[in-house]
**Student:** 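Shown below is the structure under consideration.
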Amino acid sequence: MYDTLIIGSGPAGMTAGLYAARANLKVGIIEQGAPGGQMNNTSEIENYPGYDHISGPELSMKMHAPLEKFGVENIYGIVKSIEDAGKIKRVITEDATYEAKTIILATGAKNRALGVAGEEEFTSRGVSYCAVCDGAFFRNQDLLVVGGGDSAVEEAGYLTQFAKSVTIIHRRDELRAQKILQDRAFANEKIKFIWDSVVKEIKGNDIKVSGVTVENVKTGEISEHEFGGIFIYVGVDPVSKMVENLGITDEAGWVITDDHMKTSIPGIFAVGDVRKKELRQITTAVGDGAIAGQGVYQYIENMK
Ligand SMILES: Cc1cc2nc3c(=O)[nH]c(=O)nc-3n(C[C@H](O)[C@H](O)[C@H](O)COP(=O)(O)OP(=O)(O)OC[C@H]3O[C@@H](n4cnc5c(N)ncnc54)[C@H](O)[C@@H]3O)c2cc1C
């Protein structure tokens, strides 16, 4: 029986684990991949206090290192569902069932698909959602980045170190990204823009992507463009399927909590990107994690 089981080892889950373990609780973190979550897909982080800039994988390792020292147990598993039996919660993975007094859901969010013809067919054959993972495969090629937010603009800049050119296509006539990221993109000679436009179809041959069909949303004009790779950053959706039967999410699947990270079910907390909230960043994820780590301690004290 764990005092708390944390699902997901991104910045939110790791921070919750640190706080709960330092409060002397028995803590397990169930993770389906490498610790770090979305940070592992992030090239450069320069808005995490204390670091001028640091790569996502490096920050992941630094956050994970102290967990062992405080006795947090790392458990590999893909969580399928959660059962609430009052004072006991059950976490069901593909091959085991774990019991805990409390649960902290820290499963984050995943990249949203564009939903156009050719996207699924050419995923991993020129279509990617992770510049850090795949960028180096596209040396000296013309690349397309779809989206206009922070991730799109930041990762477009990262891709210019490999690519011949990087074109950002955005459905509006201005970017949503932070001003500092925009300024850098506009100053980068390798970055071009296609404004007011959307990708209608991703095309390719037997082997890989060859280009896209684009529609200008203002004029309706259709055009064809050749690209060797396409990176998609058009937003995120919550990873919350495992709690969909618990009634703790809104209609889009974001988990609803109060300021203490408590869901409507006593003993079940949620932190980080999976929560319904304004700003999904590493700093806000670790803030949530700290509050929940302390919250489970108080919850367990009150059970006694
Ligand atoms: C390309 C990109 C660039 C970014 N750049 C920045 C930046 O510069 N600065 C910044 O502050 N933020 C940035 N972000 C956002 C930041 O990475 C996220 O806000 C943060 O990682 C959220 O942390 P989290 O712990 O809530 O979730 P995540 O980091 O998403 O971690 C969730 C974890 O849960 C695990 N998980 C999910 N489902 C299951 C399951 N069923 N069973 C077991 N494990 C599961 C996942 O494998 C994952 O490890 C960026 C994001 C992206 C995609």
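Values in this document were obtained by computation on a predicted structure and should not be read as measured data. Atoms within each ligand, like the ligands themselves, are counted from 1 in listed order.
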**Student:** Among all protein heavy atoms, pick the one closest to atom 13 (C) of ligand 1 and tell me residue, atom and distance.
**Tutor:** Gln281 NE2, 3.8 Å
**Student:** Looking just at side-chain N and O atoms, do Ser165 and Asp142 make a donor-acceptor pair shorter than 3.5 Å?
**Tutor:** yes
**Student:** Does this structure show an ion pair linking Lys110 with Asp237, if we count only N-O contacts that are shorter than 4.0 Å?
**Tutor:** no
**Student:** Given Phe231, which of Tyr158, Tyr129, Phe138 fulfils the ring pair (Phe, Tyr, Trp, His ring centres under 6.0 Å) condition?
**Tutor:** Phe138
**Student:** Looking at Phe162, is Arg139 sitting on its ring face, NZ or CZ under 6.0 Å from the six-membered ring centre and within 45 degrees of the normal?
**Tutor:** no
**Student:** Tell me the protein heavy atom at minimum distance from atom 42 (N) of ligand 1, and give that distance in Å.
**Tutor:** Val79 N, 2.9 Å
**Student:** Return the residue, atom name and 0.1 Å-rounded distance of the protein heavy atom closest to atom 44 (N) of ligand 1.
**Tutor:** Gln32 N, 3.3 Å
**Student:** Scan Met39, His53, Met63, Gln281 and name whichever one has a side-chain contact (heavy atoms from CB on, under 4.5 Å) with Tyr48.
**Tutor:** Met63
**Student:** Regarding ligand 1, does Glu31 bring an N or O atom to under 3.5 Å of one of the ligand's N or O atoms?
**Tutor:** yes
**Student:** May I ask you to decide if the ring planes of Phe193 and Phe186 are parallel, tilted or perpendicular, using 30° and 60° as cut-offs?
**Tutor:** tilted
**Student:** Let me check something: do Leu18 and Val296 share a hydrophobic cluster, defined by ILVMFWY side-chain heavy atoms less than 4.5 Å apart, either directly or through other members?
**Tutor:** yes
**Student:** Give me the one residue out of Leu5, Leu67, Val72 that meets side-chain contact (heavy atoms from CB on, under 4.5 Å) with Val27.
**Tutor:** Val72
**Student:** For the residue pair Asn74 / Glu31, report whether a side-chain donor-acceptor contact shorter than 3.5 Å exists.
**Tutor:** no
**Student:** For ligand 1, is there an N or O atom under 3.5 Å from any N or O atom of Val271?
**Tutor:** no
**Student:** Of the options Ile78, Ile75, Ile7, Ile30, which is the one that meets Thr93 in a side-chain contact (heavy atoms from CB on, under 4.5 Å)?
**Tutor:** Ile30
**Student:** List every atom of ligand 1 that sits less than 4.0 Å from any heavy atom of Gly10, numbering the atoms from 1 in the order shown and giving each element.
**Tutor:** 25 (O), 29 (O), 31 (O), 33 (C)
**Student:** So does Lys208 have more than 12 non-hydrogen atoms from other groups sitting under 6.0 Å from NZ?
**Tutor:** yes
**Student:** Which of the numbered atoms in ligand 1 are under 4.0 angstrom from any heavy atom belonging to Met242?
**Tutor:** 41 (N)
**Student:** Got a second to check how far Arg280's CZ is from Asp288's CG, nearest 0.5 Å?
**Tutor:** 10.0 Å
**Student:** Among all protein heavy atoms, pick out the one at the shortest distance from atom 26 (O) of ligand 1; state its residue, atom name and that distance to 0.1 Å.
**Tutor:** Asp273 N, 2.8 Å
**Student:** Out of Lys101, Glu99, Lys26, Glu73, which residue meets the side-chain hydrogen bond (donor to acceptor under 3.5 Å, both in side chains) rule with Tyr2?
**Tutor:** Glu73
**Student:** Heavy-atom count around Tyr297 OH within 6.0 Å, excluding the residue itself: above 12?
**Tutor:** no
**Student:** Relative to ligand 1, is Ser43 under 4.0 angstrom through side chain, backbone, both or neither, heavy atoms considered?
**Tutor:** neither
**Student:** Do me a favour and list the nearest non-hydrogen protein atom to atom 8 (O) of ligand 1 with residue, atom name and distance?
**Tutor:** Glu154 OE2, 3.3 Å
**Student:** Report, in ascending order of atom number, the atoms of ligand 1 lying under 4.0 Å from any heavy atom of Asn41.
**Tutor:** 1 (C)
**Student:** Where is the nearest protein heavy atom to atom 7 (C) of ligand 1: which residue, which atom, and how far?
**Tutor:** Asn47 OD1, 3.8 Å
**Student:** Quick one: nearest non-hydrogen protein atom to atom 11 (O) of ligand 1, plus distance?
**Tutor:** Ile282 N, 2.9 Å
**Student:** Using a 4.0 Å cutoff against the non-hydrogen atoms of Val239, which atoms of ligand 1 qualify?
**Tutor:** 37 (C), 38 (N)
**Student:** Of the backbone atoms (N, CA, C, O) and the side-chain heavy atoms from C-beta on, which set of Ser151 has a member under 4.0 Å from an atom of ligand 1: side chain, backbone, both, or neither?
**Tutor:** side chain
**Student:** Out of all atoms in ligand 1, which are within 4.0 Å of some heavy atom of Ile78? Include the element for each.
**Tutor:** 42 (N)
**Student:** Examine ligand 1 and decide if any of its atoms is less than 4.0 Å from a heavy atom belonging to Gly77.
**Tutor:** yes
**Student:** Out of curiosity, is Glu44 lining ligand 1, as in a heavy atom under 4.0 Å away?
**Tutor:** yes
**Student:** Measure the distance from atom 28 (P) of ligand 1 to every protein heavy atom, then report the residue, atom name and distance (to 0.1 Å) of the closest one.
**Tutor:** Gln38 N, 3.7 Å
**Student:** So is there a nitrogen or oxygen of Val274 less than 3.5 Å from a nitrogen or oxygen in ligand 1?
**Tutor:** no
**Student:** Under 4.0 Å from a heavy atom of Gly272: give me the atoms of ligand 1 that qualify, with their elements.
**Tutor:** 26 (O)
**Student:** Can you list the atoms of ligand 1 that are under 4.0 Å from a heavy atom of Ala106?
**Tutor:** 32 (C), 33 (C), 34 (O)
**Student:** Where does Ala285 meet ligand 1, judged by heavy-atom distances below 4.0 Å: at the side chain, the backbone, both, or neither?
**Tutor:** side chain
